[in-house]
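For reference, the structure discussed in these notes is given below.
Since the structure is predicted, the reported quantities are computational estimates derived from the model, not experimental observations. Letters A, B, ... mirror the listed sequences (proteins, then strands); counts begin at 1.
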Amino acid sequence: MSGAGKHSAGIEIGGEHSSEKIEDLRITDLHAFYGESHALHGIDMTVYQGELVTLLGRNGAGRTTTLRAVMGLIGSRSGSIMLKGKEVIKASAHEIARLGVGYCPEERGIFASLSVEENLLLPPHVAPGGMSVEELYEIFPNLAERRTSPGMRLSGGEQQMLAMARILRTGATLLLLDEITEGLAPVIVDKLGDVLTMLKERGFTIVLVEQNFQFAAPLADRHFIMDHGHIVDCVLQSELQEKQAVFDEYLSV
Amino acid sequence: MFSDLLGIAPQVLFGQLLLGLINGSFYAVLSLGLAVIFGLLNIVNFAHGALYMLGAFAAWLLGKYLHIDYWGALILAPLIVGFIGVLLDRFLLRRLAGVDHLYGLLLTFGLAMLIEGLFVKMFGASGQPFAAPKALNGGVNLGFMFLPYYRAWVVVASLVVCAVTWYVFERTKIGAYLRAGTENPKLLQAFGVNVPLLTTLAYGYGVALAAFAGVLAAPITQVNPLMGSNLIIVVFAVVVIGGMGSIMGAIVTGLSMGVVEGLTKVFWPEASSTIIFIVMAIVLVLRPAGLFGRTN
């Protein structure tokens, strides 16, 4: 996307060459339950400021549950979740969001009865420095054309762009993105890849749950491999080739 | 001309139309409150009739013991009863979040019986008279009918309250939160909106609307502990016809069902107390989600 360079004059988050890494998210021994079923069995992971990490694994491995647990959307969880240095294991979802977290759910969660613009303006500002509506319409011109359409009329790709755009307006600097490329046409997947590259350049911290490894591999700094509610491995970008066996074991169907 | 055509005196026709419009106003304001509450709490508020009665009693008690006049009571009673609603939500209804709808029904139904029983015990089952404000005594002869000022005021006040509520819901930021909260409260909260607080305020507002209707009704129906239980059955039918949770549906259906009922009184008096239920049955067959409801 040509916009990546053009927009990088905007906000910058985090020190560029800081030698000590700041922890945006530290999860320790996280357990989560859906009713009787034990979905996460003691997750440990740390994400540093400005990093893009993925959660990879098969369906049911616990990737979505991890994001939902961080967001406080799961009733029963234990362990520790430190968000930007604050313990949030007992916090409500709205308190967690206000620490500067933006969440893009798997089902996209566009409100059907609200127009595109109402959807875009809905999430309250959680931190200073969010992108302006004009800038977002520039990044996603399709949304500008459809600003008065009701949310229920959007195509899957438009819904996904809107779901991304609306959390970029809020000033959130830690983004939890769940399966943003699922079921979308290649041209839209490319577009989302460009947007993620741009966000990374601006210093956003991103946790990406992704099925499409081809999409995630070039973007991510590290990959957390999940299986049966555990994190079984963490693969650095530089180790992708030598750890191919790990991917084969845990990602192949 | 009407009398020639239909064999009905215009005074009768328009008299019943006005009566229908007044009943329709109460249906609209009450079902509006139910719609707001159902949208956010997913609870069918069976205590609504009792809270409507509480509004009328609050106005009566404010006048009797604190000498607050009608206009003061029209503001204060909804605030007081709305605050009671906030407490009910905070300490009782919130505990039912996430469990089967049936529990909300049972709890609010029980609350209604408790409140009404308590007031029958304290004030007896007979009505207490409540005077309309002096400024609205009398009426005007329109030629084809006599229009009492107070009844005209009831219709106007109800329409204004409905219009303001609609505007807030459809055109403001808080309305966008309320609509989003109706659709997907969890996600709205994950965006940083304090949804539990929003829900409590929505319940308080719905209840305040019921109390407002109660104060409006007080000079017309007298203040009676059971005034709500008679009305609320019809209001539930109106809500079903309009579609659960639909703001516009509640307003339009409320008013039009009042008018339908009034006209039925003119043309087929025997059916006037059942007509709304007949309409409800037909709507349920043809459009189970109600006239304005969204089918998911």
- [ ] Could you have a look at A:G151, A:G109, A:G72, A:P123 and say which one has the most heavy-atom pairs with chain B under 4.5 angstrom?
- [x] A:P123
Open item on the list: For B:K186, which atoms come within 4.5 Å of any heavy atom of chain A: side chain, backbone, both, or neither?
Closed with: both
Task: Per-residue contact mode, A:I167 against chain B (heavy atom under 4.5 angstrom) - done: side chain
TODO: Work out which heavy atom in B:A211 is nearest to a heavy atom in B:A77; give both atom names and the distance.
DONE: CB-O, 4.1 Å
- [ ] Mind ranking B:A176, B:A190, B:P196 by heavy-atom pairs under 4.5 Å with chain A and telling me who comes out on top?
- [x] B:A190
- [ ] Determine the interplanar angle of the A:H31 and A:H38 rings, folded into 0 to 90°, and report it as parallel if under 30°, tilted if 30 to 60°, perpendicular if over 60°.
- [x] tilted
Task: Structural part of A:I110 lying under 4.5 Å from a heavy atom of chain B - done: backbone
Open item on the list: Is A:L122 close to chain B through its backbone or its side chain, or both, or neither, when contacts mean heavy atoms under 4.5 Å?
Closed with: both
Open item on the list: Can a side-chain donor-acceptor contact be found between B:T200 and B:R94 if the only test is distance below 3.5 angstrom?
Closed with: yes
Task: B:Y167, OH atom: more than 12 neighbouring heavy atoms under 6.0 Å - done: no
Open item on the list: Below 4.5 Å, heavy-atom pairs only: which of B:N194, B:L188, B:V193 has the largest tally toward chain A?
Closed with: B:N194
Open item on the list: Ring centres under 6.0 Å, that's the criterion: do B:F46 and B:F236 meet it?
Closed with: yes
TODO: To the nearest 0.5 Å, tell me how far A:M161 CE sits from A:S155 OG.
DONE: 6.5 Å
Task: Interchain contact, A:P105 with chain B, by part (heavy-atom threshold 4.5 Å) - done: side chain
